[in-house]
There are 2 protein chains.
Amino acid sequence: MSNNGKRSVGVKEIARRANVSIGTVDRVLHNRGGVSEKTKEKIIAVIKELNYQPNILARRLASGRTIHLFTLIPAVSDETDYWDVPLQGIIQAENEIKLYDVKVSKFFFDMNDRKSFVERYQQILQEEQIDGVLLAPAFIEEAIAFTNVCQQRNIPFVFINSDIPNQKSLCYFGPDLFYSGYSVAHLVRYLTSENDKILVMNISKDVASDHHILRKEEGFRKYFIEKQISQTIITKNLTQTDYDSVKAGLDEVLQQYPDIRLVFVTNSRVSLVAQYFESKGKGNILLVGYDFITRNIEYLNKEIIDFLICEKPQEQAYRGVKALYHYIMFEENIEKDFYMPIDIIHKGNQKFYRN
Amino acid sequence: MSNNGKRSVGVKEIARRANVSIGTVDRVLHNRGGVSEKTKEKIIAVIKELNYQPNILARRLASGRTIHLFTLIPAVSDETDYWDVPLQGIIQAENEIKLYDVKVSKFFFDMNDRKSFVERYQQILQEEQIDGVLLAPAFIEEAIAFTNVCQQRNIPFVFINSDIPNQKSLCYFGPDLFYSGYSVAHLVRYLTSENDKILVMNISKDVASDHHILRKEEGFRKYFIEKQISQTIITKNLTQTDYDSVKAGLDEVLQQYPDIRLVFVTNSRVSLVAQYFESKGKGNILLVGYDFITRNIEYLNKEIIDFLICEKPQEQAYRGVKALYHYIMFEENIEKDFYMPIDIIHKGNQKFYRN
DNA sequence: CTGAAAGCGCTTACAG
DNA sequence: CTGAAAGCGCTTACAG
């Protein structure tokens, strides 16, 4: 109707110009083989000449084939509901693309159990049709094993939350951990003066191999070295994540250094420290931590947590799923690394923040 | 193939159950009329019973109709390239949806010329097929006139950048201006102490009627009143936006108040103030302003601008166009107000920031 | 007021 | 190696 006859050229026109049937054009278009070199060349030439753009709608409609995507992320645990946020991102993407006959199957592993990761991915690998995989590679070796199989089988996969470089993922969506810590240091410089002491708190069952935490602290400290700022930075590692242990640890370190000015908690466990300050009193200590999750937001609003750093976990997962879909649908190549912005949230701007 | 025969029910099945032809089903589906009450009711019942979800792909494919959207935003000017950012958002959305046969026609007006706004919208209204409109209602009365016509003609429209409440827009994407200023105040409290003086600078050709600026300052000041903080806040309005005038204004105010600790510029003109500080020296004054645009980023990296507040102008426009598309395609209702997050950018986190 | 047919631009068997 | 036909789930004239 309002078409101006400009409806872009399709297989029909290509077939006409190449003097073949549309079936043969389709074979060339999808590299299905069974076409003589000569006709193939001719058809390719016409396709180029016409700058043919396939009609995605028609393609999806005609091929009754559902696209099957799989996601593998940690389950929400009592310790933290952080992983509910990426899950929401997956669901958001799913709702958008299910109209185009895409199915997303969601698998979850236990953050504290390597085996569960392996079990889940083996379950996935047993599926007969796997068009793409999104995973949070919490256990590096196991994730490598999984994605090696994907590579062999030509299944595209994307990482979220943390990256394994050189693993030929389609793309990574998540923080640049080092830079994230580095960035916090810059903010901290605005909040403290040179003779203020800073406490870095790493709260994790396995600090020694917690890549996230280590890289963030590295970046944080690097800033002070680079800028030659001789501010005192104390690190406290806590490998027990229950409140009592955190309380004991804080009691100890604050007794030893009573004049701490700012506490930087390198992950979402900042709410535990906030809980401590809520009962003990916070004085003029500033508290900075990670992740825009319910518990933390409560303390943010009470002004017990001063700043939360957040790297859009929902968007990471959302973009991850959409990237797989786009890759499969349009054979589009995607920019390899997509580092999330490092958002700063305080009581004053939390209202309209979105993960 | 991998279909499990679960391909959701379509018009055919509805027609079968209602004992009519698919043509009649289609008439009911689109309220085209010409169907007897009785059959209509019957068909509607079946549709509900089956929880029929139309196949959008097929719908778009079958109806040769192109969707025509129109956008009306300010042109990029010498004064500021701010409006290039929303334009990029429009283009981004356009690229995503043009696959679905959507055309976006972009119109631009001159920020300093009401008449150009009127001319452009009249041009738009002459188009024969208008499926939706996105506009930045910089001139309120004129925007009301325009959108009144849209309402009459049943054309959906969305606002970006600033809102006109009660104008029955489909949706608004942009900042909550008051809250934006309020939010900056909270940050400023972390950066200054109670006896530090603050300078608010409004740089705009028509400060008195610049809604953006006025609301932000209002929010900013409100914070201090609410919290009963007796910090000195000086306002300086500059109605000349060239550098020399800004320089003169700053010379004057800084002579009068030599002990200013923080300057808050209420819009993207903060680069002019930065330029001043670059030549005069900044001392220990902090500089806070708006918008993540090239000129400002340069000064951010030189640490002459300390913080930029940004409300994702690209995303505003992107979401605006997508909202129109979704509304038209799926007749989906959209949440009425979508206030953008109030992002805080400093030298340390600007690297991965996206407008 | 209603139905039957053609067609949107592709893909998928099937036949040769 | 290639073609002709049927069909994906809709919409659009056209005929009655």
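Cation-pi geometry between A:Arg354 and B:Phe338 is satisfied (NZ or CZ under 6.0 Å from the ring centre, within 45° of the ring normal).
For the pair B:Val104 and B:Glu94, the tightest heavy-atom approach, listed with the atom from each and the gap, is O-OE2, 3.6 Å. Minimum interatomic distance between B:Ala18 and B:Val46 (heavy atoms only, all atoms of both residues): CB-CG2, 4.1 Å.
When the nucleotides C:dC8, D:dC1, C:dT2 are ranked by their closest atom to the side chain of B:Ala62, C:dC8 comes out on top. Here D:dC10 is the nucleotide among D:dC10, D:dT12, C:dC10 with the atom lying nearest to any side-chain atom of B:Arg59. Of the candidates C:dT2, C:dG9, D:dC8, C:dG9 carries the atom nearest the B:Leu61 side chain, counting heavy atoms from C-beta on. Comparing D:dC8, D:dC10, C:dA4 against the side chain of B:Ser21 picks out C:dA4 as the nearest.
Taking a 6.0 Å sphere around CD of B:Glu141, one finds it holds 12 or fewer heavy atoms contributed by other residues, nucleotides or ligands.
Residue order along DNA chain D, read from the 5' end via each residue's closest nucleotide, puts A:Gly23 first among A:Ala58 and A:Gly23.
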Where do N or O atoms of nucleotides 14-16 of chain C meet protein N or O atoms at under 3.5 Å, pair by pair?
none

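B:Ile22 comes within 4.0 angstrom of a base, heavy atoms only.
Ring pair B:Phe146/B:Tyr121 is parallel by interplanar angle, where below 30° counts as parallel and above 60° as perpendicular.
When the side-chain nitrogen and oxygen atoms of B:Arg65 are compared with OP1 and OP2 of C:dC8, none of them lie within a distance under 4.0 Å. Distances shorter than 4.0 Å separate some side-chain N or O of A:Ser36 from OP1 or OP2 on D:dT2. Put simply, B:Tyr52 has a side-chain N or O that comes within less than 4.0 Å of OP1 or OP2 on D:dC10. The side chain of A:Thr24 contributes an N or O atom lying less than 4.0 Å from OP1 or OP2 of D:dG3. Listed pair B:Ser63 / D:dC10 fails the phosphate criterion, with no side-chain N or O lying under 4.0 Å from OP1 or OP2. In this structure, A:Lys40 does not reach the D:dC1 phosphate: none of its side-chain N or O atoms is under 4.0 Å from OP1 or OP2.
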Starting at the 5' end of DNA chain D, what dot-bracket string do you get if Watson-Crick and G-U pairs under 3.5 Å are bracketed, crossing pairs use [ ], other-strand pairs use | and unpaired bases use dots?
-> |||.||||||||.|||
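Atom NZ of A:Lys42 is separated from atom C1' of D:dC1 by 15 Å (rounded to the nearest Å). Look at CG on A:Leu57: it is 22 Å from P on D:dG7, rounded to the nearest Å.
Applying side-chain hydrogen bond (donor to acceptor under 3.5 Å, both in side chains) to A:Tyr318 and the options A:Gln92, A:Lys312, A:Gln88, A:Glu96 leaves one that passes, A:Glu96.
The shortest side-chain heavy-atom distance between A:Ile130 and A:Arg153 falls under the 4.5 Å cut-off.
The pair B:Asp131-B:Lys103 fails the salt-bridge criterion, with no side-chain N (NZ, NE, NH1 or NH2) lying under 4.0 Å from an Asp/Glu carboxylate O.
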